[in-house]
Amino acid sequence: MRLLSLSKSGDNYLVKARTIRRIFGITISTTVQEYINRVNENEWYSIEGKKITDYRKTQLDKWLKDHQRFIEH
């Protein structure tokens, strides 16, 4: 999963990430996914409203921590 963009709109953080699926170094598929985190909550949701796995949550929290000072003035 690679970070494409991270932004804040109102009380939500919005992350766009690209997921690449490869077999033997050959790209099979590429998808762009969006995730939302409300400022008052500590949970990430997909744009469809589904909760995400702990592995993805950990990765998204790290990206948010690393980039939060740049997106908040």
Enter the distance from [X]:[atom1] to [Y]:[atom2] here, rounded to the nearest 0.5 Å.
X	Y	atom1	atom2	result
K62	K57	NZ	NZ	14.5 Å
F70	K8	CZ	NZ	16.0 Å
H67	S7	NE2	OG	12.0 Å
Y45	K51	OH	NZ	5.0 Å

For residues 23-44, please give each side-chain donor-acceptor pair under 3.5 Å, one per line with the distance, not counting sequence neighbours.
from	atom 1	to	atom 2	distance (Å)
Q33	OE1	T19	OG1	3.3
Q33	OE1	Y35	OH	2.5
Q33	OE1	R56	NH1	3.1
Y35	OH	R56	NH1	2.9
W44	NE1	D61	OD1	2.7

| Going only through I, L, V, M, F, W and Y residues with side-chain contacts under 4.5 Å, is there a path from I52 to V15? |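 Yes, I52 connects to V15 through the hydrophobic network.
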| query | Linking I/L/V/M/F/W/Y whenever their side-chain heavy atoms sit closer than 4.5 Å, directly or via other members, would L3 and M1 fall into one cluster? | reply |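 Linked, L3 and M1 end up in one cluster.
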| Considering all heavy atoms, the nearest L64-Y13 contact |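 Here L64 and Y13 meet closest at CD1-CD2, 3.7 Å.
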